[in-house]
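Okay, so here's the structure we're looking at.
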Amino acid sequence: MAEPAIQSEKSVSQLRCIGCGRTALADRFRCEHCRDLLEIIYPGWEEQGPGGHDATSLKQLWRDRRSSLDPADQSGVWRFREILPDISQPQVITIREGNTPVYELPHCARSAGMQQLLAKHQGMNPTGSFKDTGMTVAASFARQAGYRWVACASTGNTSASMAAYAARGGLHSLVLIPEGRISWSKLSQSLDYGAITCQLKADFDGCVRVLNEVVERMPVYLLNSVNPYRVEGQKTAAFELLEQLAWEPPDHIIVPGGNLANSSAMGKALREMKQLGFISRQPKVSVIQAEGANPLVRTIRENGGEKLIPVHADTMATAIRIGNPASWKKALRVIRETGGTVEQVSEVEIAMAKAEIGAEGIGCEPASAVTLAGLKKLVKQGFVKPSEMVVLVLTGHALKDADFTLKFHRGDLFTGTLHEAESARLKPLQRSPLVLEPSVDAVVELLRSAEN
Ligand code: F0G
């Protein structure tokens, strides 16, 4: 990759334990003293600013890069490289991730009781989910560190993303996924991109347990979201969002919660933006979980966030079918620091919200739709005011789970489940495919009846 046209000083980064605060730790994923997760800090920022710049000059520099032909500048992650760990340019693996749109959702706004509603669609990344923004940084770091193998346990999107970045970077990849519990599209992606793909007879949490031991025994680099380099890349989505809003912070950012790295990354970005003078106040970050996979909701409601309450997770939103989230402490800190909250939503509420986002011509996968379903509840509770500015983070593309969408529209998504009776209220949103004779009259007749 060519050297960037505009040079900045290097951002020297350090690992710090989120529990005991120790720095100078070995490059692993948990503190060797207290076993907490690690985060990346940039000691030079306080004196010199990132890469030797202040907020005003970085805003200009990042905007100028939008017209550059350099691959790193065309990436919506590496365009912000001053706030990322230093990785030498030839090691950077980019598929031009980031650069995702912010859409208005006027109908969803009305349905939630809001005057206006925005969605940052991270599903518009190269492999169809927000994972690409973190993967480009962590996979590049793996290559720079000399690893030949990378691995992850996944509910489908991390594996699709990791497989793609490994392939682009000439690395081998190993994927562990729960058998029968991820969507076909996600499984097909990791096969297509050449990962060794193992379906374990376990849930996501079981896959994580196996992988954690595998990486202890083999020279394989772990690309799950406990990897702090993933979080750094995912952070750029919040910088990009604020840039798209002309650096005017919204009142609320609403994020789906699974393993809880994305909410942690958004919060870390907002904290840094505030410290560096990009914004004057932080939006409230709220995390929404599925009722059947609600460990953070339970932890906050039942013990005030003292100790994680793991659950046996079950939801049709398979991306967030996670009972023992690794990054719960980081997410908790973000919720507390920004004044956000947690909420949980039912399977039928998720299906309805997903159909409403689809009907706006946007669409998303089920896990992303928890944000709209959660917002409706937060508005009813008065936590979100109708005149406030809310941004939903849509994490995955509609095509990630076409099976869910087809079943929804055919009306059999909830057949034989406990939610069958409640799902009757989804009827007005269902559009089952029609079968007609190949006759002009039949189609014209159909159009006439549709107009009435
Ligand atoms: N939305 C989607 C579409 C996801 O794929 C995930 C997580 C989340 C939300 C939750 O994000 O874990 O950072 O809280 N998917 C992971 C995976 C776990 O393996 O693809 P989180």
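These figures come from a predicted structure and were not determined experimentally. Every number for a ligand or one of its atoms is a count from 1 in the order of the listing.
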Practice task
May I ask you to identify the nearest protein heavy atom to atom 13 (O) of ligand 1, giving residue, atom name and distance to one decimal place in Å?
Solution key: Asn262 N, 2.8 Å

Completion exercise
Per-atom filter on ligand 1: closer than 4.0 angstrom to a heavy atom of Ala367 are 1 (N)

Completion exercise
With sequence neighbours left out, the residues meeting salt bridge (charged side-chain N to carboxylate O under 4.0 Å, His left out) with Arg321 are Asp314

Handout entry: Near-ring test Phe414/Phe408, centroid separation under 6.0 angstrom
Key = no

Problem - Test item: side-chain donor near acceptor, Lys400 and Gln189, under 3.5 Å - result: yes

Practice task
State plainly whether the residues Lys330 and Asp36 are in salt-bridge range, i.e. N to O under 4.0 Å.
Solution key: no

Problem - Atoms of ligand 1 close to Ala319 [distance to a heavy atom under 4.0 angstrom, numbered from 1] - result: 2 (C), 3 (C), 4 (C), 5 (O), 6 (C), 7 (C), 15 (N)

Handout entry: Lys/Arg-Asp/Glu bridge criterion (N-O < 4.0 Å) met for Glu349, Lys376
Key = no

Problem - For Ala261, the ligand 1 atoms whose distance to one of its heavy atoms is below 4.0 Å - result: 13 (O), 14 (O), 21 (P)

Practice task
State whether the shortest distance between N or O atoms of Ser368 and N or O atoms of ligand 1 falls below 3.5 angstrom.
Solution key: no

Problem - 4.5 Å side-chain heavy-atom contact, Glu272 and Trp45 - result: yes

Completion exercise
Looking only at protein heavy atoms, what sits closest to atom 16 (C) of ligand 1 is Lys131 NZ, 2.9 Å

Practice task
Tell me which one of Thr318, Leu260, Ile320, Thr158 gets a heavy atom nearest to atom 14 (O) of ligand 1.
Solution key: Leu260

Practice task
For Glu291 and Thr315, test the side chains for any donor-to-acceptor distance below 3.5 angstrom and give the result as yes or no.
Solution key: no

Exercise for the section: Go through the structure and list residues passing ring pair (Phe, Tyr, Trp, His ring centres under 6.0 Å) with Trp184, not counting sequence neighbours. Expected result: none

Problem - Under 3.5 Å: N/O of Asn259 near N/O of ligand 1 - result: yes

Exercise for the section: Could you tell me whether ligand 1 has any atom less than 4.0 Å away from a heavy atom of Ile322? Expected result: yes

Practice task
Flag the pair Lys120 and Glu240 as a salt bridge only when some basic side-chain nitrogen lies within less than 4.0 angstrom of an acidic carboxylate oxygen.
Solution key: yes

Handout entry: Contact (N/O only, under 3.5 Å) between Ser159 and ligand 1
Key = no

Practice task
Determine, for Lys407 against Asp403, whether the closest basic-nitrogen to carboxylate-oxygen distance falls under 4.0 angstrom.
Solution key: yes

Handout entry: atom 11 (O) of ligand 1: the protein heavy-atom neighbour that sits closest, reported with distance to 0.1 Å
Key = Phe130 CZ, 3.4 Å

Exercise for the section: Would you kindly specify which portion of Val255 sits under 4.0 Å from ligand 1, judged on non-hydrogen atoms: side chain, backbone, both or neither? Expected result: neither

Problem - Heavy-atom side-chain proximity of Leu222 to Asn212 below 4.5 angstrom - result: yes

Practice task
Decide whether an N or O pair under 3.5 Å exists between Ser154 and ligand 1.
Solution key: yes

Practice task
Using a strict cut-off of 4.0 Å, indicate which atoms of ligand 1 neighbour a heavy atom of Asn157.
Solution key: 2 (C), 3 (C), 4 (C), 5 (O), 20 (O)

Problem - Any N/O pair Glu365/ligand 1 closer than 3.5 Å - result: no

Problem - Closest approach of any protein heavy atom to atom 2 (C) of ligand 1, naming residue and atom - result: Thr395 OG1, 3.4 Å

Practice task
Return yes when Gly257 approaches ligand 1 closer than 4.0 angstrom through a heavy atom, no otherwise.
Solution key: yes

